[in-house]
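This report concerns only the one structure given below.
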Amino acid sequence: MMISHSEALDIVLSTSFRTYTEEIEIDKSIGRILAHDVFSDINMPPFDKCMVDGYACLKSDIDNEMIIDSIVGAGDGTKYIVDKGHCVKVMTGAPLPNGAEMVVMIEHVEHISDNKIKVLQKSSNTNISPKGEDIEQGDKVLEKGTKLKPFHCGILATLGYDKVLVSCQPKIGIIVTGDEIIEPGDKLKEGQIYNSNAYQLINNCRSINIDPEYFGIVKDTYEDIESAVKTMIDKKDIVIITGGVSMGDYDYVAPVLKNSGLNVRFDSIAAQPGRPIVYAESDKKFCFGMPGNPVSGLVLFETIVKHFIYKVQGHDFHPIVHKFTLKKKMTRKKSSRKSYYPVELNNDNTVSAINYHGSAHLNAYANAYGIIAMERGVLEIEEGEIVDVRQI
């Protein structure tokens, strides 16, 4: 029975399976999924900190000449005290001397002598970052499930972490089926096409920090597909198969999966491209059988499989979606399925549909900024309408 794209995504994301965790160095953690809440053991800053180069003093002394007692640089742990009529020269990042109430910027003073200054320009800004202003000891700083970006790694380092607990990445295997498929680099014969699916999928996975295992091209026989699936399921958490999922005489993926001990949750969705997609699972094994047409694989990976890969690591993936004005009207003849189309970004910050011939037309995406969806029941989108563009 055909289900909607959103129903398929809900089924895929309903899994309770989560990968194990591992501790890794923070300089290798970019793109990984945080496996625990991070709380701070320290205040940040850990001391009252001088925010500018200048002179630390009492507020009551800014109308008077002040004697410079000493100089404090960043990292200087010496305890300095500011007395009335006196000041301490400080550098940006230095601990605030005891008793000081403000830091006058170095540009705002005049030197009366080698060790005496006068304030020329007064300000209400204290130029002090109080202890714990940014983070207080005990604060939750990062939440479990966060996909780590460079600034998250910087935050961890700020708190003194050199290692971090993250979710293990799922082990993924990729199988390509088709008697007509040959590897790039070989010479094409009549009736053959090059294998684009494998390398698109491999790099789809690598784009989210996962290095999959590629099984190779499998012939369109029940026995060969069954053997490949069994091999990969034994070794991997997730198996992605392309080709052989439709209703043709040589489409064996669905029956193989049904006989593999996995529970087939759906085998058809109301989406274009990508109607024939098989999703099968057990407690700890998952398999996606995807159409052989490369655009179908691209769209299904982006809108379903990627969400699932992140989910098993404990992360709720949200794609980047921008609103743009559509430059030229889009129409279609049938509206029984949700359809995805590539669009390009114009110089006037509008988007236009790219000339697109169907699910085999992968090079239509060469200059694509993203994809837009026409929902079921919608036959046209008028020029000037605001559309949601999913960046790819």
Side-chain angles (χ1 to χ4, degrees), residues 24-32 34 36-144 146-166:
I24 62 173
E25 291 81 7
I26 60 168
D27 63 347
K28 297 181 178 66
S29 65
I30 184 68
R32 299 296 296 272
L34 192 62
H36 66 118
D37 293 332
V38 173
F39 295 88
S40 178
D41 292 331
I42 62 172
N43 293 298
M44 197 63 205
F47 48 81
D48 293 334
K49 184 176 70 175
C50 301
M51 297 179 65
V52 297
D53 297 331
Y55 296 89
C57 62
L58 302 175
K59 290 181 179 180
S60 59
D61 280 336
I62 61 172
D63 292 322
N64 308 317
E65 294 179 359
M66 291 181 280
I67 298 170
I68 305 170
D69 285 339
S70 54
I71 299 177
V72 182
D76 188 342
T78 306
K79 299 294 184 183
Y80 294 94
I81 299 175
V82 171
D83 295 319
K84 185 169 181 56
H86 293 250
C87 64
V88 173
K89 189 174 185 180
V90 294
M91 303 296 111
T92 302
L96 184 72
N98 289 339
E101 298 171 329
M102 68 182 302
V103 178
V104 180
M105 295 178 68
I106 202 166
E107 302 94 315
H108 296 169
V109 306
E110 176 187 8
H111 278 264
I112 306 300
S113 64
D114 287 345
N115 70 334
K116 189 175 289 188
I117 62 166
K118 179 180 179 180
V119 178
L120 297 178
Q121 183 176 332
K122 299 169 187 176
S123 171
S124 60
N125 194 341
T126 64
N127 296 314
I128 297 168
S129 179
K131 176 181 178 179
E133 180 183 44
D134 299 333
I135 301 170
E136 291 188 352
Q137 187 176 13
D139 280 353
K140 183 196 289 188
V141 180
L142 296 174
E143 290 195 354
K144 179 180 179 179
T146 297
K147 180 184 176 183
L148 295 174
K149 298 179 180 179
F151 53 83
H152 293 129
C153 302
I155 292 169
L156 289 165
T158 295
L159 301 179
Y161 284 84
D162 62 338
K163 295 182 179 179
V164 61
L165 190 69
V166 297

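Everything quoted here is computed from the prediction, not taken from an experiment. Heavy atoms only: backbone and side chains are in, while hydrogens, waters and symmetry mates are out.
Side chains of Met66 and Val119 form a contact here, defined as non-hydrogen atoms less than 4.5 Å apart. No side-chain heavy atom of Lys144 sits less than 4.5 Å from a side-chain heavy atom of Leu34. With a 4.5 Å cut-off on side-chain heavy atoms, Val103 and Ile128 count as touching. Two residues are said to be in side-chain contact when any heavy atoms from C-beta on lie closer than 4.5 Å; Ile62 and Met102 meet this criterion.
For residues 72-87, the pairs satisfying salt bridge (charged side-chain N to carboxylate O under 4.0 Å, His left out) are Asp61-Lys84, with sequence neighbours left out.
In terms of heavy-atom proximity, Lys59 sits nearest to Glu101 at N-OE1, 2.8 Å. Minimum heavy-atom separation, Met91 to Ile71: CE-CG2, 4.3 Å. When every heavy atom of Val90 is checked against every heavy atom of Ala56, the shortest pair comes out as CG1-CB, 4.0 Å. Contact between Ile81 and Val88 at its shortest, heavy atoms only, is O-CG2, 4.5 Å. Between Ser70 and Tyr80, the closest heavy-atom pair is OG-CD2, 3.2 Å.
To the nearest 0.5 Å, atom CG of residue Asp41 and atom OH of residue Tyr161 are 5.5 Å apart. The distance from the OG atom of Ser129 to the CG atom of Asp48 is 8.0 Å, given to the nearest 0.5 Å. Atom CG in Asp37 sits 8.5 Å away from atom OG1 in Thr146 (nearest 0.5 Å). To the nearest 0.5 Å, the span separating SG on Cys57 from CD1 on Ile68 amounts to 11.0 Å. Between atom NZ of residue Lys118 and atom NE2 of residue His111 there is a gap of 14.5 Å, rounded to the nearest 0.5 Å. Expressed to the nearest 0.5 Å, how far CD1 of Ile26 lies from CG of Leu159 amounts to 9.5 Å.
A distance-only check finds no donor-acceptor pair linking the side chain of Glu136 to the backbone of Asn43 [under 3.5 Å]. Between the Asp53 side chain and the Ile106 main chain, no donor and acceptor come within less than 3.5 Å of each other. Of the possible polar contacts, one joining the Asn125 side chain to the Asn127 backbone as a donor-acceptor pair under 3.5 Å is found.
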Practice problem: For Thr126 and Met51, run side-chain contact (heavy atoms from CB on, under 4.5 Å): C-alpha distance rounded to whole Å, both residues' side-chain angles, the deciding distance at 0.1 Å, then the answer. | Solution: CA-CA 9 Å; Thr126 64; Met51 297 179 65; over 6 Å; no
Quiz item: Under the side-chain contact (heavy atoms from CB on, under 4.5 Å) criterion, do Tyr55 and Ile117 qualify, and how do the steps go?
Solution: CA-CA 9 Å; Tyr55 296 89; Ile117 62 166; 3.6 Å; yes
Below 3.5 Å, can you tabulate the donor-acceptor pairs from side chains in residues 148-158 to any protein atom, sequence neighbours excluded?
from	atom 1	to	atom 2	distance (Å)
His152	ND1	Lys147	O	3.4
His152	ND1	Lys149	N	2.9
Thr158	OG1	Gly154	O	2.9

